[in-house]
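Okay, so here's the structure we're looking at.
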Amino acid sequence: MFALYDTLTREVKPLAMREKGKLGIYLCGPTVYGPPHLGHGRATIVYDVLRRYLEWRGIEVRLVSNITDIDDRIIERANREGRPWQDITHKCESVWFDAMGRLGVQQPTDIPHATEYVQQMVEMIGTLVERGVAYATSDGVYLSVESVPDYGALAHQSLDEMLAGGGDREVLGAGEKRHPADFALWKFSKPGEPSWPSPWGGGRPGWHSECVVMSLELLGEGFDLHCGGADLRFPHHENERAQSVALGRSFARHWMHNGFVVDAEGEKMSKSLGNVTNLLDLLDHYDARAYRMLLLQTHYRSPVKVGQDNIDASVKALAGLDAFAARSATLNGKADAETLARFVELMDNDLDTPNAMAHIFDTVRQANTAIDSGDAAAAGLVAAVHEMCGAVGLTLGAIVAVDDDAKVKAAALDAARAAKDFAKADALRNELQSAGWIVETTKAGTALRRA
Ligand SMILES: [Zn+2]
């Protein structure tokens with residue numbers, strides 16, 4: 001039985017599915033106004049691992065992940081750059097899915113766009129106003145959090161405790177709010193801003209209203225699992241949940257949140273990983289599997305520090321697995337049942353990927369010993385390694401010989417980097433990438449491999 005930590009009840013408990021063998025997941029997707037950062041990469045990989053593993057277990061997974069394509073930050077950037085806002089959202093969305101493809105993240109089964117559901121959002125807000133739990137001010141429509149009896153359940157904080165934190169500081173018209181923690185369901189637009197009609201005045205939906213409408217619309221009441229990064233737990237998820245409570249509709253049965261990427265932005269991060277500041281940089285500089293490997297070796301609820309040392313270690317671990325795959329390529333057999341059973345036991349315990357990965361490496365060692373001694377058990381262990389890696393989305397590649405031209409360029413790249421001639425180093429890296437190489441920076445220098 002697959003068990004998962006539930007953020008709401010704070011216990012590891014079986015993931016009870018509304019419909020046997022079918023799992024409906026809602027994952028909060030990106031607000032498309034800039035390039036994806038390492039935290040986005042982590043969230044998508046964590047839930048990709050969850051999805052792949054459960055599909056491997058025979059469960060039919062429906063993963064709904066939205067695109068927030070209307071937001072203050074999109075409008076700000078459009079105004080700043082003098083571009084239509086749709087130009088920004090379309091471009092950023094294609095960059096997003098390109099990056100996720102490179103990370104080996106499967107496309108969600110459903111990708112609702114917030115702007116496609118504005119009508120339903122207006123209807124939902126209308127119901128909340130009718131029920132007397134939402135009210136209009138001069139700048140929008142707000143939900144009264146005092147009308148939600150268990151507001152703060154996900155944050156594990158009472159309304160009084162939250163008040164000490166200042167409530168929602170970002171909204172305008174704070175003086176007209178009945179309670180500082182009341183949040184905007186609808187924001188009136190200023191002249192020239194994108195605007196949709198509503199009974200209270202033209203405007204756009206608040207972020208928290210988008211997800212509650214899209215998740216209930218596509219997955220229905222009492223859907224199985226709501227996911228996202230730990231930073232979304234409060235206020236975003238709390239406020240989504242508050243609206244469903246205020247509507248009298250049952251919401252997600254289980255809540256899952258992944259930990260932060262430490263030093264993902266800013267000074268420390270750029271120092272620790274050269275010029276890697278966002279996900280695209282990481283993908284340009286390292287084998288995309290390295291980030292997945294690093295995250296698999298970290299529990300999804302723990303924070304992860306992305307630095308040169310652990311990226312190097314991941315690259316090295318992958319090289320070991322690739323070498324094993326190349327060495328055992330001719331062996332065919334049925335995956336060893338006992339080995340797989342242990343893997344399932346570990347993964348079923350709150351997605352314990354660090355121990356599951358340790359088990360995979362143990363199996364590789366056993367298989368190597370069996371190959372060395374000509375033991376017939378080798379083929380079953382090799383097949384088990386491929387099965388387990390596949391279940392967490394790791395593809396093992398065979399080693400490819402590096403040609404002389406690439407070797408010369410790799411050496412020149414190391415020399416340029418040592419001389420701090422980064423322009424030359426980048427040019428050489430581009431040449432190698434154009435020739436189809438994945439260029440990795442390791443402590444021992446540049447390493448080349450094929451995708
Ligand atoms: Zn959301």
Side-chain angles (χ1 to χ4, degrees), residues 6-8 24-34 36-37 39-48 50-51 62-74 89 92-93 96-97 100 105 107-118 120-122 124-125 128 143 145 148 151-155 168 170-171 181 183-187 204-247 249-260 300:
D6 178 18
T7 317
L8 189 63
I25 306 177
Y26 188 85
L27 168 63
C28 291
T31 300
V32 278
Y33 71 100
H37 56 64
H40 291 128
R42 180 174 197 191
T44 53
I45 288 177
V46 162
Y47 304 112
D48 187 64
L50 173 80
R51 174 183 176 182
R62 183 173 180 192
L63 175 68
V64 179
S65 189
N66 70 295
I67 297 284
T68 292
D69 56 351
I70 188 67
D71 181 85
D72 291 350
R73 290 165 294 185
I74 295 168
T89 57
C92 291
E93 182 177 337
W96 171 270
F97 283 115
M100 296 311 144
V105 169
Q107 284 257 349
T109 49
D110 301 75
I111 308 171
H113 290 68
T115 52
E116 298 160 353
Y117 288 84
V118 177
Q120 290 93 323
M121 292 166 198
V122 169
M124 180 204 67
I125 297 165
L128 291 170
L143 187 87
V145 294
V148 178
Y151 189 78
L154 261 177
D168 189 353
E170 286 180 25
V171 293
F183 58 89
L185 306 171
W186 187 258
K187 299 178 179 186
R204 61 183 178 278
W207 180 35
H208 316 311
S209 296
E210 297 172 1
C211 284
V212 72
V213 164
M214 290 184 282
S215 58
L216 287 172
E217 189 81 16
L218 288 163
L219 293 167
E221 283 194 32
F223 65 90
D224 300 309
L225 179 63
H226 199 314
C227 301
D231 52 332
L232 299 187
R233 187 164 64 100
F234 185 86
H236 183 51
H237 288 166
E238 187 77 55
N239 289 350
E240 281 187 44
R241 188 177 174 276
Q243 289 168 85
S244 74
V245 171
L247 286 166
R249 299 183 73 181
S250 65
F251 204 47
R253 292 155 172 252
H254 209 111
W255 289 85
M256 177 180 181
H257 292 98
N258 62 280
F260 290 113
Y300 77 88

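Note that the structure is predicted; figures quoted are calculated from it, not measured. Numbering of residues begins at 1 and proceeds along the displayed sequence. As the structure lists them, so they are numbered: ligands from 1, and atoms in each ligand from 1.
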Please name all residues satisfying side chain to side chain contact (heavy atoms under 4.5 Å, CB included) with A114, sequence neighbours left out, ordered by chain then number.
D69, M121, E210, M214

Taking the Zn ion (ligand 1) as the vertex, measure the angle between atom SG in C211 and atom NE2 in H236; round to 10°.
110°

Give the ring-plane orientation class for W255 versus H257, where under 30° counts as parallel, over 60° as perpendicular and anything between as tilted.
parallel

Is it the case that atom OH in Y33 sees more than 12 heavy atoms from other parts of the structure closer than 6.0 Å?
no

Does the shortest distance from the Zn ion (ligand 1) to an N/O/S atom of C28 fall below 2.8 Å?
yes

Kindly give the atom name of the N, O or S atom of E240 closest to the Zn ion (ligand 1).
OE2

Find out whether I67 and P30 are in side-chain contact, i.e. whether some heavy atom of one side chain is under 4.5 Å from a heavy atom of the other.
yes

